[in-house]
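Notes follow once the structure below has been shown.
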Amino acid sequence: MGSLSIWHWLIVLVIVVMVFGTKKLKNVGTDLGAAVKGFKDGMKDGGTADAPPQQVTNTAKTDANTVDVEAKSKS
């Protein structure tokens, strides 16, 4: 009773096609496929060990309203 039968899925599919149209659904599928491919390519390129580690530098300009506080240990 909790699961949907094949007839329920077919009715949902027909309603979705009627609402969006086949051309719009094709474009969504193409865009989704391109996004997945781009993600996979990015994961392959981003996993190289030759990349230098990123360093944090303090190049921010100080504002007149900024308070510079140093942490001190409790004695």
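One is the number of the first residue; the rest follow in order along the sequence.
Using a 4.5 Å cut-off between side-chain heavy atoms of Ile, Leu, Val, Met, Phe, Trp and Tyr, with links allowed through other members, Phe20 and Met18 fall into different hydrophobic clusters. Tracing side-chain contacts under 4.5 Å through hydrophobic residues (I, L, V, M, F, W, Y), one never reaches Val36 starting from Met43; they form parts of separate clusters. By the criterion of side-chain heavy atoms lying less than 4.5 angstrom apart, applied directly or through intervening Ile, Leu, Val, Met, Phe, Trp or Tyr residues, Val16 is not grouped with Val14; the two fall into different hydrophobic clusters.
Atom CD1 of Ile6 is separated from atom CD1 of Ile11 by 11.0 Å, given to the nearest 0.5 angstrom. Of the inter-residue distances, the one linking Leu25 atom CG with Leu32 atom CG reads 12.0 Å to the nearest 0.5 angstrom.
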